[in-house]
Amino acid sequence: MKAKTAGKGSWKERNKKAFKQMTVKQKIAYIAEYYRLPLFTACVVLLVAVTSVVHAVTKKKPVLYLAYTNAAVGDDLDQKLTAGFLDYIEADQKKFEVLVYKGLYLDEDADAENHRYVYASKMKIMGAISAKQMDMMLMNDSALQELSASGLLMDLTVIRDTDPQLYGKLEPYIQKNMVIIEDNAIEYKLNEADSYEAVTEDIPNSVNVTSFPVFREAGFDGTLQIGIIANSPRIEADLRYLAYLLDGQ
């Protein structure tokens, strides 16, 4: 055992002496060769740590989640609907943002070519709503009918209780839409019912914003509507956004 220990010691001494005699370039090559895995692991850990810190520092907090559905919004209008609102509420654009879901498409009568796109949009919308990460939706009448029928839009009479002055300004533009209270859709699809039947109610759940200053020169065909998602947890921001659309240019 002693002989082995002495041998190890002499090997270490020879190795240390040889290392001292190496040039700087040779030392770097030696370290890179024999410590490649630990160095690589350390670099990965450092990179992940730095990335996490940078992401945490630079990540913006959404003040509002907005969706464009069946509505092609250009860059200029998009700026008004996002950065313009942040300026309106005096929010620091380096720290806050309006997070927008773009390019969503809903159409009950979509052909086979667009069916997959419609399905993907529905899944994205439902996922965002379930996560409470969708507050308002800008849309055309077709998308409005589908969302309203599904009961996904908030009854806007709630504004009357929280901000009567704002409700008074919005009231001429608030529109009632059909909401399905109950139906036999499942039974009908399974051929367990001879005809489709539904109990419906007209509820004021959208605002016709077509003539609002922000959209007046946007060049949209048809009617443009905005609604608040029923489970939105940012009601105060929703109402301020509606006030902004009324006042904005």
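Along the sequence shown, residues are numbered consecutively beginning with 1.
- Rounded to the nearest 0.5 angstrom, Ile228 CD1 and Leu156 CG are separated by 5.5 Å.
- Between the CG atom of Asp92 and the NZ atom of Lys60 there is a distance of 9.0 Å, given to the nearest 0.5 Å.
- Heavy-atom minimum distance, Arg240 versus Tyr88: O-CE2, 3.8 Å.
- When side chains are defined from C-beta on, Ile203 does not count as touching Leu153, because their heavy atoms never get closer than 4.5 Å.
- The shortest side-chain heavy-atom distance between Ser121 and Thr69 does not fall under the 4.5 Å cut-off.
- Counting heavy atoms from C-beta on, the side chains of Tyr167 and Glu171 come closer than 4.5 Å.
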List the steps and the verdict of side-chain contact (heavy atoms from CB on, under 4.5 Å) for Phe215 and Lys80.
CA-CA 10 Å; Phe215 304 105; Lys80 290 180 181 179; over 6 Å; no
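- Judged by distance alone, the side chain of Asp78 and the main-chain N or O of Val73 form no donor-acceptor pair under 3.5 Å.
- Put simply, Val158 and Met134 are part of two different groups of oily side chains (I, L, V, M, F, W, Y) that touch within less than 4.5 Å, one to the next.
- Hydrophobic clustering places Val100 together with Leu242 (ILVMFWY residues linked when any side-chain heavy atoms are closer than 4.5 Å, directly or through intermediates).
- With rounding to the nearest 0.5 Å, the separation of OG1 in Thr200 from CD in Glu182 is 11.0 Å.
- Two residues are said to be in side-chain contact when any heavy atoms from C-beta on lie closer than 4.5 Å; Glu97 and Thr82 fail this criterion.
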Dump the intermediate steps for side-chain contact (heavy atoms from CB on, under 4.5 Å) on Gln175 and Leu144, then the final yes or no.
CA-CA 11 Å; Gln175 178 175 306; Leu144 170 62; 3.7 Å; yes
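- No more than 12 heavy-atom neighbours from other residues, nucleotides or ligands sit within 6.0 angstrom of CG on Asp76.
- Looking at every heavy atom in both residues, Leu66 comes nearest to Tyr68 through CD2-CE2, 3.6 Å.
- The neighbour count for Gln165 CD, taken as heavy atoms of other residues, nucleotides or ligands under 6.0 Å away, does not exceed 12.
- The heavy-atom pair separating Met154 from Ala230 by the smallest distance is CE-O, 3.5 Å.
- To the nearest 0.5 Å, atom CE of residue Met136 and atom CG of residue Asp238 are 5.0 Å apart.
- Residues Leu152 and Glu146 fail the side-chain proximity criterion, which asks for heavy atoms closer than 4.5 Å.
- Atom CG in Asp163 sits 10.0 Å away from atom CD in Glu236 (nearest 0.5 Å).
- Scanning both residues, Leu104 and Lys124, for their nearest heavy atoms gives CD2-CD, 3.8 Å.
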So Asn208 and Thr210, side-chain hydrogen bond (donor to acceptor under 3.5 Å, both in side chains) or not? Walk me through it.
CA-CA 6 Å; Asn208 185 334; Thr210 311; 2.7 Å; yes
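- The side-chain heavy atoms of Val63 and Arg234, taken from C-beta on, include no pair separated by under 4.5 Å.
- Ile125 and Met137 make their closest contact through CD1-CE, 4.0 Å (heavy atoms, listed as atom of the first residue, atom of the second, distance).
- Counting only N and O atoms by type, the side chains of Ser142 and Asn140 include no donor and acceptor under 3.5 Å apart.
- Environment of OH in Tyr196: crowded, with over 12 heavy atoms of neighbouring residues, nucleotides or ligands closer than 6.0 Å.
- Under the 4.5 Å side-chain heavy-atom criterion for grouping Ile, Leu, Val, Met, Phe, Trp and Tyr, Met178 is not connected to Val199 through any hydrophobic cluster.
- Crowding of Ile186 atom CD1: a count of heavy atoms from other residues, nucleotides or ligands under 6.0 Å not exceeding 12.
- There is no path of hydrophobic side-chain contacts, each under 4.5 Å, that joins Tyr101 to Tyr105.
- In terms of hydrophobic clustering, with Ile, Leu, Val, Met, Phe, Trp and Tyr side chains grouped at heavy-atom distances under 4.5 Å, Leu86 and Leu77 are assigned to a common cluster.
- Residues Ile174 and Val207 form a side-chain contact, since some pair of their non-hydrogen atoms from C-beta on lies under 4.5 Å apart.
- Looking only at side-chain heavy atoms (C-beta outward), Val214 and Val209 stay at 4.5 Å or farther from each other.
- The aromatic rings of Tyr173 and Phe212 stand perpendicular to each other, their planes meeting at an angle above 60°, with 30° marking the opposite boundary.
- The number of heavy-atom neighbours closer than 6.0 Å to CG of Asp161, taken from other residues, nucleotides and ligands shown, is above 12.
- When every heavy atom of Leu166 is checked against every heavy atom of Leu239, the shortest pair comes out as CD2-O, 3.5 Å.
- With rounding to the nearest 0.5 angstrom, the CG atom of Asn205 is 13.0 Å from the CD1 atom of Ile226.
- Using modelled atom types and a 3.5 Å distance limit, the side chains of Tyr241 and Asp135 yield no donor-acceptor pair.
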